[in-house]
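Notes follow the structure.
We use all heavy atoms of the structure for the numbers below, so side chains are in, but hydrogens, waters and symmetry mates are not. By convention in this document, chain letters (A, B, ...) are assigned in the order of the sequence lines, proteins followed by strands, and residues within each chain are numbered from 1.
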Amino acid sequence: MSGRVGVVTFPGSLDDRDALRAVEQCGFAPVPLWHGSDTIDDVDAVILPGGFSYGDYLRAGALARFSPLMADIIKRAEAGMPVLGICNGFQVLCESHLLPGALTRNAHRRFRCRDERLLVESVDTVWSNAFTDGQEINIVLKNGEGNYVADAETLMVLEAERRVVFRYLENPNGSMNDIAGITNERGNVVGLMPHPEHNVDPLVAPSTDGRGFFASLTNFLSRVAA
Amino acid sequence: MADTTANAANTPDVEQPWADLGLKEDEYQRIREILGRRPTAAELAMYSVMWSEHCSYKSSKVHLRKFGDLPKTTPRGELLAGIGENAGVLDIGNGWAVTFKIESHNHPSYVEPHQGAATGVGGIVRDILAMGARPVGVMDSLRFGPLDLPDTQRVLPGVVAGVGTYGNCLGLPNIGGEAFFDPTYSGNPLVNALGVGVLKHEDLHLAHASGTGNKVVLYGATTGGDGIGGVSVLASETFDADGPAKRPSVQVGDPFMEKLLIECTLELFAAGVVTGIQDLGGAGLSCATSELASAGDGGMHIELDRTPLRDSSLSPEEILMSESQERMMAVVEPGRVDEFMEICAKWDVEATVIGEVTDGDRLVIDWHGETVVDVPPRTVAHDGPVYERPYARPEWIDKVNADAAEDLARDALPLREQVLRVMGAPNVADRTWITEQYDRYVLGDTVLARPESAGMIRVDEDGLGVALSVDCNGRIAYLNPYLGAQHALAQAYRCVAATGAEPVAVSDCLNFGSPEDPSAMWQFVEAILGLVDGCRELGTPVTGGNVSFYNQTGETAIVPTPTVGVLGVIDDVATRVSSKLPDVGHELWLLGESRDELSGSVWADVVHDGHLGGMPPKVDLEAEKRLVALMSEAHGLVASARPLVEGGLVRAAVESAIIAGRGVEIEQQGEPVAWWFGESSARLLVGVDPAVAAEWNAACEKHEVPAVRVGTVLDGTQVRLGDMEFSLEELSGTWRAPIPAAMES
Amino acid sequence: MPRIIVDVMPKPEILDPQGKAITGVLEKLGHTGLSVRQGKRFEIEVDQITDARLDEVRKAASEVLANEVIENFTVRVEEAQ
Amino acid sequence: MPRIIVDVMPKPEILDPQGKAITGVLEKLGHTGLSVRQGKRFEIEVDQITDARLDEVRKAASEVLANEVIENFTVRVEEAQ
Ligand SMILES: Nc1ncnc2c1ncn2[C@@H]1O[C@H](COP(=O)(O)OP(=O)(O)O)[C@@H](O)[C@H]1O
Ligand SMILES: [Mg+2]
């Protein structure tokens with residue numbers, strides 16, 4: 001079972017080509033999507049890639065959220081379509097209120113690029129079901145505004161509902177509760193700061209743990225099809 | 001009211017501020033001769049900025065010509081473009097070509113470290129783009145004053161954040177670079193940025209305006225008052241004692257705009273709507289119009305008042321001099337203009353037709369219908385003054401050379417203590433604090449990057465790739481600039497070769513003191529001779545580069561810093577060799593000849609209180625070539641390879657152990673200080689599987705490379721150097737601490 | 001041209017890493033007893049200030065300029081200088 | 001606690017890429033005729049406002065809060081609310 005996975009290019013998206021390549025290497029049909037279009041047409045899932053959409057001016061992800069295509073993505077996500085927001089994509093998802101909380105400047109105020117160790121904390125999502133509970137994975141991290149914040153109540157809900165999907169083992173940026181990635185109630189929308197699309201090809205990646213995200217999607221899509 | 005050409009003809013005696021604009025009296029007189037009248041204000045602005053040192057290479061031109069004598073072929077084939085273009089282009093096979101170049105942005109980076117460094121990256125990337133290439137990577141070669149100096153704590157974080165922000169935001173992986181500290185760089189940091197791009201042969205674009213009636217389009221950011229006079233004021237004048245208090249206007253970069261400009265320009269190339277193209281960098285429109293026109297077969301007519309401005313009060317001369325970033329100029333056939341505009345609109349990039357190619361041979365610029373510039377473009381762009389600056393070998397050099405570090409006490413400290421000093425030396429210590437601020441993964445083709453000694457990028461899915469290293473040891477160049485330049489070349493060449501790639505071409509950035517000082521000029525001339533002779537011997541042409549003069553604070557010039565970038569080609573990136581220590585049980589072999597060579601070394605610097613004297617280590621380019629031949633043929637046999645550079649054997653061994661998190665044991669052979677800390681060139685430390693040791697030994701013999709087995713990779717985390725015992729933790733603590741400690745204090 | 005000012009500040013209950021870092025830097029420079037919070041200031045030029053314009057800016061502030069999950073904002077007309 | 005406000009804005013002649021991008025997005029959302037410049041706002045709490053304190057804040061602003069090569073700043077005491 002394969003599927004069509006769309007990757008959105010906003011002005012200033014950078015990892016869109018990488019995401020398309022990862023999608024293809026994991027057996028899906030890659031579909032480039034342009035932020036200015038009105039609909040995403042017939043894709044089975046959407047990735048909002050990393051980068052600096054609109055230069056990250058104002059707040060990371062804040063301006064991309066108003067792209068015409070986002071209106072359609074928000075609608076489809078609310079109806080259950082799988083959406084993965086990576087880094088800047090995670091920021092866009094928070095700004096769009098598809099995910100709670102916000103991403104702010106790293107506590108040390110520097111951009112940081114390193115290989116990050118994460119714990120998989122929930123396997124009940126479209127994008128993490130191929131991992132095992134508590135599995136340690138290694139995924140590339142690179143951002144300047146990856147510091148996850150939310151009010152106390154939101155944090156409580158996220159923890160109680162086990163919606164923290166990935167947690168840092170060595171918090172790189174000051175994120176509350178060491179949060180690296182979260183999901184919505186339904187488990188179809190996942191956002192995380194690390195970059196699984198960079199961990200697919202062993203020639204250029206320190207690990208291939210990113211493949212687990214795509215294997216999870218495959219599982220999900222074949223279950224839906226069955 | 002604008003100063004028109006008619007007005008200029010009628011008012012020959014008007015006083016003009018040529019001196020304030022940096023022109024010499026005879027230069028001003030030459031402009032009057034060329035024009036047969038006094039220049040208008042706009043013309044004066046153009047000539048002054050284009051005839052500045054930075055744009056005209058007036059002090060360096062006669063010497064740079066020597067690069068032109070080198071054969072225009074690389075071991076992989078003909079150069080497709082060489083010196084004189086925005087960046088050199090070379091064939092790497094499979095129909096692919098690469099372009100790369102280094103450029104300096106030193107003075108602006110002292111005034112405003114973040115924006116200065118950022119716009120340095122922006123500028124070199126536009127040069128690469130202007131050749132028709134997709135930019136695929138950047139590198140940065142940085143020099144600062146002593147690590148513990150308060151001003152370094154201002155300059156270094158700003159520069160690194162600037163290089164990082166701009167490159168990260170463009171989506172270009174940073175695949176390597178260097179950072180060095182020396183007292184002579186305080187008050188005069190160096191920021192040299194390297195850009196690399198790839199293109200198909202048929203996509204090559206050149207900067208020329210041809211075809212009468214073709215339109216001249218300015219696109220990208222609007223033009224503002226930032227960086228006005230930046231070229232002549234920032235790049236050609238020494239800072240006086242009060243340094244940044246003088247604060248001239250600087251350029252502010254918008255990397256987001258540049259990212260749009262890149263994607264837009266690549267789409268314009270693909271659509272075939274670009275006849276000629278030029279980036280706008282130093283000297284802005286003055287440079288772009290005069291260079292495009294003089295490289296073409298006709299003249300050019302510009303209506304300057306059409307330039308989109310972000311400050312409507314700018315005068316025509318200010319517009320001509322503005323260095324606003326993120327702008328390009330294209331020559332487009334009239335029938336293709338609409339298509340051009342559509343693509344720009346898709347990317348939200350503003351584009352305006354501001355003129356056209358004419359059949360005359362003049363560059364004419366109008367301002368609201370009146371002519372303010374009417375000049376032969378060549379006289380602006382290429383026929384600037386050329387100086388034969390006097391140069392002389394300084395007297396002090398004999399004394400410096402006589403003060404050899406080989407004569408210094410070798411037991412001033414216990415040996416173990418000396419090891420820790422060297423590993424914790426600012427010029428050896430871990431650079432993670434810097435490199436962590438750079439994205440090295442974006443684009444998904446980075447095969448090697450920091451902490452490897454060279455960067456490597458995959459060019460196509462068949463595995464064709466390029467490797468790059470940029471190097472220079474200014475302390476060595478101070479001892480002898482000719483040999484220093486060759487050391488820089490040899491080191492970059494060796495670092496590329498260690499990855500398994502074949503080194504094929506060179507770009508350089510020559511950072512020196514004032515050309516008006518005969519000693520600095522001598523250093524410059526010697527460095528060029530060293531490079532030319534070295535490149536001839538290695539068979540690697542110089543494809544382009546940059547010169548930065550006036551790097552001095554008061555009377556103190558920087559140590560000469562001829563930074564060299566070497567590019568290599570590898571047919572299959574999957575066969576690349578990493579410098580990371582291989583698995584337990586592997587043997588470590590030292591290749592090349594080790595001599596008693598300590599002058600200019602890190603050891604002399606940190607064990608003997610900043611000692612800098614003696615003669616540089618021997619340069620043996622034949623030996624470097626033999627290493628390359630060996631690695632090209634037999635890199636499949638080695639499991640790791642690390643070039644020996646500053647810090648010698650001890651650093652090569654310890655760093656690769658720390659990075660791999662594995663222990664290591666190295667024998668001591670010969671006199672301990674020279675053995676551990678000597679900086680003889682043409683050496684590699686390689687890891688070899690014992691199962692292929694015999695085969696490996698035979699390969700070394702065949703290529704006449706001296707090779708000795710010196711150690712093994714250990715199980716566990718001890719590091720044994722001769723009789724000395726260390727834990728990996730102790731060494732790694734010493735090595736990792738200095739930069740974070742200084743920056744976060 | 002008349003100007004409308006929008007000030008955006010992190011909510012008091014939200015950690016302000018920038019402000020904290022700056023407070024620390026100032027302390028090291030000997031400026032103790034200053035507690036800094038960092039926000040944003042937008043200067044918006046308009047042709048003319050009308051109630052409709054102010055409403056529009058308020059809307060833009062709440063939709064775009066501020067992220068109300070973590071920030072508060074105020075809108076005011078600049079006092080003539 | 002009494003507060004001192006430091007407003008930091010990009011110099012008028014300097015490019016303000018942030019303001020430009022925001023203006024562009026607001027236009028697309030139908031808010032035309034707004035020209036936005038973005039700067040920073042610092043709220044500094046002090047024990048007590050004295051002339052010495054104000055001088056100190058001015059010094060801190062010029063050294064740390066603003067980059068005077070490309071930015072201007074103003075320091076003022078917050079009007080009681
Ligand atoms: N040190 C050098 N080595 C080789 N080529 C150089 C050197 N310095 C300048 N050049 C060449 O001279 C030409 C003009 O340089 P420059 O004005 O810096 O180009 P641009 O304006 O396109 O950046 C370029 O082709 C450049 O490669
Ligand atoms: Mg150029």
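Applying the side-chain contact (heavy atoms from CB on, under 4.5 Å) rule to A:Ala77 yields the partners A:Val83, A:Leu98, A:Val189; only residues at least two apart in sequence or on another chain are considered. Every side-chain contact (heavy atoms from CB on, under 4.5 Å) that A:Asn171 has, sequence neighbours left out, goes to A:Tyr168, A:Asn173, A:Ser175, A:Asp178.
Of residues 53-67 of chain A, those residues with a non-hydrogen atom less than 4.5 Å from any non-hydrogen atom of chain D are, in numerical order, A:Tyr54, A:Tyr57, A:Leu58, A:Leu63, A:Phe66. Residues of residues 29-52 of chain D placed with any heavy atom under 4.5 Å of a heavy atom in chain A are listed by number as D:Leu29, D:Gln38.
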